[in-house]
Amino acid sequence: MKEKYDPQTIEVKWQTFWEDTDLFKVSEDPSKEKYYLLEMFPYPSGKIHMGHVRNYTIGDVVARYKRMRGYNVLHPMGWDAFGMPAENAAIANNTHPARWTYENIDAMRVQLKRMGLSYDWDRELATCRPEYYRWEQWLFIKMYEKGMAYRKESFVNWCETCQTVLANEQVEAGMCWRCGKPVRQKKLWQWFFRITDYAEDLLEYCDRLPGWPEKVTTMQKNWIGRSVGAEIHFPVEGRDEKITVFTTRQDTVFGATFMCLAPEHPLTTTLSRGTDQEETVAAFIDRMALSDRSSRAVEAYEKEGVFTGAYCTNPMNGRRMPVYTANFALMEYGTGAVMSVPAHDGRDFEFARKYDLEIVVVVQPPDEEPDPATMTEAYAGDGTMVNSGDFDGLHNREAMEAIAERMEMENVGKKTVNYRLRDWGISRQRYWGAPIPMVHCNDCGIVPAAESDLPIELPENAELLKGGKSPLPSLETFIKTTCPQCGRSARRETDTMDTFVESSWYFDRYCSPRCDTTMFDKGAVDYWMPVDQYIGGVEHAILHLLYSRYFTRVLNDLGLIDCKEPFTRLLTQGMVCKETAACPAHGFLFPDEIETSGEERVCRKCGGQATVGRVEKMSKSKKNVIDPNVLLDRYGADTTRLFCLFAAPPERDLEWSEQGVEGGHRFLNRVWRLFNLWEDAVRDVAPSDGEGLTGDLQDLYRKTHGTIKKVTTDIEERFHFNTAISAVMELVNEMNGVDPDTASREAAAVMKLAMETVVKLLSPMVPHFAEELWRAAGRDGSVLLTAWPGYDEAALKTDEVLIVVQVNGKLRGRFTIDADADEAAVRERALSDEQVRKFIGGKTIKKVIVVKSKLVNIVV
RNA sequence: GCCUGGGUGGCGGAACAGGUAGACGCAAGGGACUUAAAAUCCCUUAUGGCUUAGUCCAUGUACGAGUUCGAUUCUCGUCCCAGGCACCA
């Protein structure tokens with residue numbers, strides 16, 4: 001082997017070797033147990049960032065490890081290639097989204113290959129290719145036929161800047177998740193997927209995903225937001241109409257004194273028409289539509305509303321209730337109408353006080369009698385029913401049932417379950433997405449495109465418009481078509497699909513990515529699915545993961561796949577963070593814009609003092625980024641990988657440290673030198689089997705087996721690569737204590753075993769390095785094709801064990817003793833310890849606790 | 001406000017199932033090698049104390065209680081940090 005560790009040469013060498021020998025190519029093999037390992041595929045932005053590096057390194061370690069354990073490992077990679085950034089970049093740079101995207105993919109593929117990741121590149125896919133989205137369109141039609149996809153006119157989040165609708169999930173605190181501008185409400189015809197049909201099932205299975213972090217399933221549960229209550233119908237006075245509300249507190253129905261409708265509620269306008277409130281209400285509705293969600297979501301937002309001029313009747317006690325429209329009533333939740341019970345709901349109370357509305361107490365707290373005239377806040381707790389007719393005297397929890405039953409009997413309401421989850425709006429008024437395969441015909445209405453016409457290709461000749469508005473509606477060659485039903489001329493749908501649709505089934509497609517006769521080959525998908533281990537960032541805890549679970553159910557219902565949950569185990573890795581730095585004149589600074597001298601940081605641009613800010617997620621805007629390319633050039637892929645694994649356990653945030661990288665690099669160099677030193681001595685020696693070893697060599701032999709055990713369980717059970725690596729470091733430190741110049745043949749045999757062990761244990765983490773050292777240890781072929789080492793439990797046993805002695809729980813002494821010494825002997829020895837006797841003094845011994853092979857605690 | 005995590009040396013982090021707190025690495029200090037530097041190797045490094053500088057003593061895992069022979073680990077309360085949801089009827 002070369003004297004000096006030179007990552008650049010060996011990394012290229014082994015990457016070429018792997019590629020030339022098709023080492024990572026896999027196919028279905030019923031004789032082997034499969035393992036499907038998947039990392040979330042990237043958006044092809046043009047460059048990989050440290051988040052990708054970390055994500056894919058973690059995945060690669062698991063993939064390589066499982067392969068050495070004998071599994072048939074599927075480990076694919078592809079591109080989440082549709083989406084707005086491509087359009088924005090295309091407009092800015094006067095290019096085409098397709099060109100921009102494919103160029104980025106090519107650049108990023110090179111980068112990923114430099115990382116030495118064990119992908120089966122033959123399965124690579126890009127979601128923007130017609131061969132891919134063709135099947136998505138096919139599925140859309142199937143869903144449409146089954147009523148799982150439908151069109152409705154609804155209020156949507158509209159971003160003026162991006163000229164498009166946004167899913168609720170893409171609105172963050174009232175702002176567009178992409179551009180950060182306020183989102184307003186607009187009424188449009190939209191395509192939806194009926195995910196709410198699966199709300200209960202998705203929720204229920206949250207508790208049947210033991211391989212998922214609880215944090216994620218909890219977030220999904222909250223997002224689905226199941227609540228149990230009742231639907232109650234309130235007849236409108238003087239009209240043949242009913243206002244239906246959803247409430248979780250039907251026990252308080254006798255205390256409902258007024259009604260609140262969402263401004264968008266259809267009855268808000270209808271009821272006010274012809275009353276003297278008509279204009280006031282219309283003005284209020286207008287104002288609410290204009291006010292963006294951000295101000296409506298602000299904390300302590302002032303509750304306001306106006307009287308609609310209409311009244312409704314409380315079906316339980318006949319009370320005449322004024323109907324208001326109020327800003328806090330949300331059209332998207334429940335029925336868009338709230339029965340207001342000011343005595344027992346904080347919001348209703350606030351509203352009632354403001355507009356001087358009646359307050360009636362119907363649930364009495366255990367030890368006070370609230371007076372509606374003087375009470376200062378609503379009472380939301382439990383108590384005894386009052387002012388509630390026949391139900392007076394009951395506990396309110398009992399009344400909940402009883403009232404629901406009575407309402408059902410009298411046909412004025414019923415028990416029901418409501419979900420916060422709403423149907424998934426997938427329409428996007430954007431160009432760079434998969435076209436929705438529907439046709440608008442003047443005679444037949446809206447009909448699906450003929451299957452033989454698929455894919456409905458996104459026209460590549462479209463001219464992008466400034467501002468991001470879709471060119472499709474004005475592109476005659478695209479919209480002009482014939483109706484698949486009547487054959488007359490018709491128009492194509494111009495909405496494209498949300499990119500989350502593509503990412504909801506790409507993992508299925510990887511099983512048979514080139515299949516051109518069906519969405520996926522049944523045999524392949526049944527062999528590989530579900531994904532055994534999925535790895536990605538927490539930022540997708542709700543959206544992507546919930547949609548993927550939903551899609552899997554749809555595909556299951558359509559008989560296309562057998563599994564119901566797509567991801568058996570999920571690992572959400574933490575973010576990659578770094579300290580920020582800024583200078584008063586230039587704001588945030590990139591790491592290479594800072595000169596470091598001792599504790600001082602100086603801005604290179606102006607020479608001014610730079611201040612170091614808090615550690616935050618790496619982001620371009622904060623400029624606290626490290627370009628993976630620089631690391632690959634300077635240290636190579638193995639060091640980069642090693643640091644990502646060593647600095648923190650995967651689920652935790654990783655703080656970037658230049659010195660930490662150096663440390664990793666130093667470790668690899670140390671191992672390299674060690675192998676160099678021993679290369680000749682171990683060449684013709686067989687690895688030791690431990691027979692007849694004593695002293696230091698026996699210790700090293702034992703340490704070797706102990707390290708195998710430690711690394712295996714750390715990877716297998718917890719993916720704690722940081723502790724796995726530190727265990728190998730300990731072994732290497734111990735190996736460094738053996739002097740090759742005076743070493744016996746026996747010592748060489750023990751060293752040979754240790755060396756081979758180190759190489760194997762490190763091979764999933766630093767694969768190029770390991771391949772090279774495998775040769776240095778006198779072996780042929782690829783270390784990746786060897787079996788993961790086993791350990792001998794018997795070899796871990798020691799003749800003597802260390803016993804610590806405590807007096808009253810405090811450490812006072814220690815001694816080593818024969819491992820199989822009996823309890824009496826251990827106790828004897830502990831009590832005779834000089835230091836221990838000092839602390840016992842003249843006191844009487846109350847109790848002695850002996851923990852085998854560990855400790856003695858003497859209580860006085 | 002509600003729901004999840006999480007608070008351990010100068011720093012990243014260890015401690016598997018209640019049993020030696022601080023593995024491993026970084027940084028720092030000291031030394032060796034060198035004409036010198038880099039690289040490398042060795043030693044020290046939680047805090048405080050000392051009539052016995054030790055196989056010493058006290059304190060110490062955010063804070064306060066509790067369970068236990070023994071708590072970083074279990075229970076309750078408080079504070080702080082991060083993430084998610086947020087007028088959800």
Side-chain angles (χ1 to χ4, degrees), chain A residues 173 213-223 225 227 229 245-249 252 256 260 262 296-303 326-330 332-341 344-348 350-351 418-420 538-539 541-542 574-575 615 643 646-649 651-664 666-667 669-670 673 709-710 713-714 717-718 720 722-730 732-733 736 802-815 833-835 838 846-860:
Chain A
E214 205 186 299
K215 174 169 85 164
V216 175
T217 47
T218 309
M219 278 163 72
Q220 293 213 346
K221 282 188 211 166
N222 292 341
W223 189 261
S227 50
V245 303
F246 170 76
T247 179
T248 53
R249 290 297 303 272
T252 63
C260 285
R296 236 174 131 173
V298 162
E299 201 172 339
Y301 183 64
E302 177 77 10
K303 285 164 191 50
N327 60 351
F328 67 83
L330 306 173
E332 313 87 77
Y333 187 78
T335 60
V338 186
M339 73 169 202
S340 291
V341 186
H344 305 290
D345 179 279
R347 269 171 332 194
D348 296 345
E350 203 182 309
F351 195 82
N418 188 59
Y419 300 91
R420 205 187 77 105
V538 227
E539 64 272 21
I542 302 172
M575 300 179 296
V615 175
F643 176 75
F646 183 62
E651 68 279 3
R652 234 192 284 187
D653 285 353
L654 182 152
E655 191 185 329
W656 192 260
S657 149
E658 191 66 33
Q659 286 104 336
V661 182
E662 291 276 0
R666 261 202 299 270
F667 169 66
N669 273 303
R670 206 151 57 228
R673 280 195 306 274
K709 181 178 184 178
K710 170 81 176 145
T713 53
D714 279 351
E717 287 165 19
R718 316 190 294 165
H720 276 204
N722 56 332
T723 50
I725 292 166
S726 71
V728 178
M729 285 173 167
E730 283 185 56
V732 169
N733 288 347
N736 267 319
L802 178 75
I803 305 284
V804 299
V805 190
Q806 299 177 334
V807 178
N808 285 344
K810 289 194 178 177
L811 181 69
R812 296 304 177 195
R814 67 191 75 191
F815 60 86
D833 185 284
E834 198 186 319
Q835 188 69 14
K838 219 164 83 189
K846 289 189 194 141
K847 202 171 176 186
V848 179
I849 289 131
V850 180
V851 180
K852 195 174 183 318
S853 304
K854 260 199 181 124
L855 116 173
V856 178
N857 188 11
I858 299 156
V859 188
V860 294

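What you see is a predicted model; the values in this text were computed from it and never measured. Chain letters run A, B, ... following the sequence lines, proteins first and then strands; every chain starts at 1.
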Discussion item. Is the phosphate of B:C87 approached by A:K303 (side-chain N or O, under 4.0 Å from OP1 or OP2)?
Written reply: no

Worksheet entry | Short side-chain N/O contact to B:A15 OP1/OP2 from A:R718, under 4.0 Å | yes

Item to complete: Output the distance between atom OG (A:S726) and atom NE2 (A:H720), rounded to the nearest 0.5 Å.
Response: 11.5 Å

Worksheet item: Expressed in whole Å, how much space separates the C1' atoms belonging to B:G7 and B:C63?
Response: 11 Å

Response to the item:
Among the nucleotides B:G13, B:A89, B:U20, whichever has the atom closest to the side chain of A:Y333 is B:A89

Fill in: Side-chain N,O (A:R652) to OP1/OP2 (B:A82) below 4.0 Å
no

Practice prompt. Identify whether any heavy atom of A:I725 sits under 4.0 Å from a base atom; if not, whether one sits that close to sugar-phosphate; answer base, sugar-phosphate or nothing.
Written response: nothing

Close N or O pairs between protein and nucleotides 58-62 of chain B (under 3.5 Å):
| unit_1 | atom_1 | unit_2 | atom_2 | d |
| --- | --- | --- | --- | --- |
| B:A58 | OP1 | A:R812 | NH2 | 3.3 |
| B:A58 | OP2 | A:R812 | NH1 | 3.2 |
| B:U59 | OP2 | A:K810 | NZ | 3.2 |

Fill in: Minimum-distance nucleotide (side-chain atoms of A:V851 versus B:G12, B:A14, B:G19)
B:G19

Worksheet entry | Nucleotide of B:C57, B:C85, B:A89 approaching A:Q835 most closely (side-chain heavy atoms) | B:C57

Worksheet item: So what's the dot-bracket for RNA chain B: Watson-Crick or G-U pairs under 3.5 Å, [ ] if a pair crosses, | if it pairs off-strand?
Response: (((((((..(((......[....))).(((((.......))))).(((((...).))))..(((((..]....))))))))))))....

Worksheet item: Taking atom P in both B:C43 and B:C24, what distance in whole Å separates the two?
Response: 12 Å

Practice prompt. When you get a sec, tell me which of B:C69, B:C88, B:A14 is the closest nucleotide to the side chain of A:R420?
Written response: B:C88

Fill in: Residue-phosphate contact under 4.0 Å: A:N222 side-chain N/O, B:A86 OP1/OP2
no

Response to the item:
Of the listed B:G19, B:C88, B:U40, the closest approach to the A:Q806 side chain comes from B:G19

Discussion item. Does B:A89 have OP1 or OP2 under 4.0 Å away from a side-chain N or O of A:N418?
Written reply: no

Strictly under 3.5 Å: I want the nitrogen or oxygen pairs between protein and nucleotides 27-31 of chain B, one per line.
| unit_1 | atom_1 | unit_2 | atom_2 | d |
| --- | --- | --- | --- | --- |
| B:A27 | OP2 | A:R666 | NH2 | 3.4 |

Practice prompt. Side chain of A:N857 only, please: which of B:G25, B:U40, B:C69 is the nearest?
Written response: B:C69

Worksheet item: Counting only heavy atoms not in A:E214, do more than 12 fall under 6.0 Å of its CD?
Response: no

Worksheet item: What nucleic acid atoms does A:V859 come within less than 4.0 Å of, heavy atoms only: base, sugar-phosphate, or nothing?
Response: sugar-phosphate

Worksheet, complete the sentence: Whole-Å distance, A:R347 CZ to B:C88 P, equals 4 Å

Discussion item. Checking one value: the base orientation of B:G48, syn if chi is within 90 degrees of 0, otherwise anti.
Written reply: anti

